[in-house]
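Some notes on the structure that comes next.
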Amino acid sequence: IGAGPSFTLDVAAGHRIARTILTAVNAHHTRADRFDAYHSAHDQVRTDEFDATSGRALKEGEWLEWLTAELAATAIETSNDSEVAMNQHIDFGADVPNAELDVIVRVGSQVSLLTCGTTTSRAMMSELKLKVMEAMQRVRQLAGDKAQVGLVCLASEQQIIKLNEQLRGSATMPAVRIFGSKELARFVDGDISELTRWLGAAPPSAQP
């Protein structure tokens with residue numbers, strides 16, 4: 001595994017971006033309205049979307065990768081023997097395509113791959129399903145069947161139900177969990193106990 005292209009966001013700016021976009025998306029129910037809300041909100045936060053180190057403008061989906069890594073790091077900060085890595089390139093060797101993984105989290109022997117998708121397009125469900133299927137293959141190659149996959153996306157609660165139904169026939173192992181826009185909003189507001197448990201780290205209240 002090698003470090004991929006790295007970028008950083010000012011934490012306050014990153015949270016401001018996330019809250020603006022998630023508030024806009026969660027205020028709408030239809031796919032078309034959520035699509036328009038996302039792009040309108042994205043236009044509002046463009047002045048914040050710059051790499052804090054280089055000053056370059058971030059690509060459209062990089063704010064969610066940053067947020068996912070930031071939330072994961074916060075979720076496991078009280079756990080020993082844990083780490084988070086963002087934008088990792090993996091060379092699987094001859095005849096196997098290389099891969100770039102969004103966020104990898106390890107807590108002890110538990111490995112979780114978090115793959116991010118900001119799509120709100122008409123093809124959203126198909127695109128997200130493909131992301132999950134690719135992540136399942138990659139994490140199995142990386143860490144075996146005991147690893148798990150998390151899809152971090154802007155799906156609504158109803159879309160998550162439908163996506164889980166679509167995955168049920170093909171998702172054997174690794175285990176898959178979908179985190180949608182409502183859950184992300186709770187995480188950004190500080191309630192990350194659900195994420196902490198899923199990653200295999202004991203919530204602070206359970207620490208000895």
Side-chain angles (χ1 to χ4, degrees), residues 1 3-26 38 41-42 45 48-54 58-88 100-118 131-132 135 138-139 142-143 146-155 157 160 174-208:
I1 300 178
S6 61
F7 58 89
T8 57
L9 266 171
D10 172 79
V11 173
H15 286 167
R16 188 160 54 244
I17 291 166
R19 284 193 173 92
T20 300
I21 291 176
L22 291 169
T23 298
V25 170
N26 284 330
Y38 173 77
H42 203 274
V45 297
D48 281 335
E49 291 193 301
F50 289 91
D51 186 319
T53 302
S54 70
L58 298 188
K59 297 176 183 177
E60 184 169 301
E62 287 183 330
W63 70 270
L64 185 55
E65 294 175 19
W66 174 88
L67 178 66
T68 300
E70 177 75 9
L71 290 171
T74 302
I76 68 170
E77 64 184 358
T78 60
S79 300
N80 295 323
D81 190 24
S82 60
E83 57 187 326
V84 176
M86 183 174 69
N87 290 138
Q88 297 296 294
E100 181 179 319
L101 308 182
D102 292 338
V103 179
I104 304 171
V105 183
R106 183 185 62 79
V107 179
S109 61
Q110 176 66 65
V111 175
S112 305
L113 169 59
L114 293 158
T115 186
C116 306
T118 58
K131 272 188 167 290
V132 171
R138 295 309 187 194
V139 81
L142 177 66
K146 291 185 179 180
Q148 58 185 7
V149 169
L151 171 64
V152 182
C153 62
L154 301 180
E157 293 171 325
I160 291 174
V176 176
R177 173 67 187 269
I178 302 170
F179 298 101
S181 57
K182 289 284 181 68
E183 286 168 300
L184 284 177
R186 290 200 301 270
F187 296 164
V188 171
D189 284 341
D191 181 6
I192 58 170
S193 57
E194 191 175 353
L195 179 61
T196 301
R197 285 191 296 269
W198 183 79
L199 290 171
S205 59
Q207 294 291 331

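Fair warning: this is a prediction, and the values are worked out from it, not measured in the lab.
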Heavy-atom pair of closest approach, residues [X] and [Y]:
| X | Y | value |
| --- | --- | --- |
| V105 | A72 | CG2-CB, 3.7 Å |
| D51 | T53 | OD1-N, 2.7 Å |
| A75 | L199 | CB-CD1, 4.0 Å |
| W63 | L9 | CA-CD1, 4.4 Å |

Any side-chain heavy atom of [X] within less than 4.5 Å of one from [Y]?
| X | Y | value |
| --- | --- | --- |
| L71 | V152 | no |
| D81 | R106 | yes |
| E49 | H42 | yes |
| M86 | D102 | no |
| T196 | I76 | no |
| F50 | L58 | no |

Would you list the atom pairs, donor with acceptor, under 3.5 Å between side chains in residues 14-25 and any protein atom, with sequence neighbours excluded?
{"from": "R16", "atom 1": "NE", "to": "D48", "atom 2": "OD2", "distance (Å)": "2.9"}
{"from": "R16", "atom 1": "NH2", "to": "D48", "atom 2": "OD1", "distance (Å)": "3.2"}
{"from": "R19", "atom 1": "NE", "to": "D189", "atom 2": "OD1", "distance (Å)": "3.4"}
{"from": "R19", "atom 1": "NH2", "to": "V188", "atom 2": "O", "distance (Å)": "3.0"}
{"from": "T20", "atom 1": "OG1", "to": "R16", "atom 2": "O", "distance (Å)": "2.9"}
{"from": "T23", "atom 1": "OG1", "to": "R19", "atom 2": "O", "distance (Å)": "2.7"}

Test: R186 and E194 ion pair at under 4.0 Å: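 A salt bridge links R186 with E194.
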
Sidechain N-carboxylate O distance under 4.0 Å for R138, E100: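 Result for this pair is no, no salt bridge flagged.
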
Audit row: V176, L151, side-chain contact (heavy atoms from CB on, under 4.5 Å) steps and yes/no: CA-CA 8 Å; V176 176; L151 171 64; 5.5 Å; no

Backbone N/O of S181 and side chain of N26: donor-acceptor pair under 3.5 Å: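 Yes; at least one donor-acceptor contact below 3.5 Å.
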
Any donor-acceptor N/O pair, S82 side chain to S79 backbone, under 3.5 Å: yes

Results of side-chain hydrogen bond (donor to acceptor under 3.5 Å, both in side chains) for E65 - residues two or more places apart only: N87

Exercise: do S193 and D191 side chains pair donor with acceptor under 3.5 Å: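 Indeed, the side chains of S193 and D191 share at least one donor-acceptor pair under 3.5 Å.
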
Steps toward side-chain contact (heavy atoms from CB on, under 4.5 Å) verdict (V139, I104): CA-CA 9 Å; V139 81; I104 304 171; over 6 Å; no

Can I get a per-line list of side-chain donor-acceptor pairs under 3.5 Å for residues 107-117, giving both atom names and the distance, sequence neighbours left out?
{"from": "Q110", "atom 1": "NE2", "to": "K146", "atom 2": "O", "distance (Å)": "3.2"}
{"from": "S112", "atom 1": "OG", "to": "Q148", "atom 2": "NE2", "distance (Å)": "2.9"}

side-chain contact (heavy atoms from CB on, under 4.5 Å) assessment of V11 paired with W66: CA-CA 9 Å; V11 173; W66 174 88; 4.2 Å; yes

Derivation and outcome, side-chain contact (heavy atoms from CB on, under 4.5 Å), residues L195 and F179: CA-CA 9 Å; L195 179 61; F179 298 101; 4.1 Å; yes

Heavy atoms from other residues, nucleotides or ligands near CD of E60 exceed 12 (cutoff 6.0 Å):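 More than 12 within 6.0 Å, yes.
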
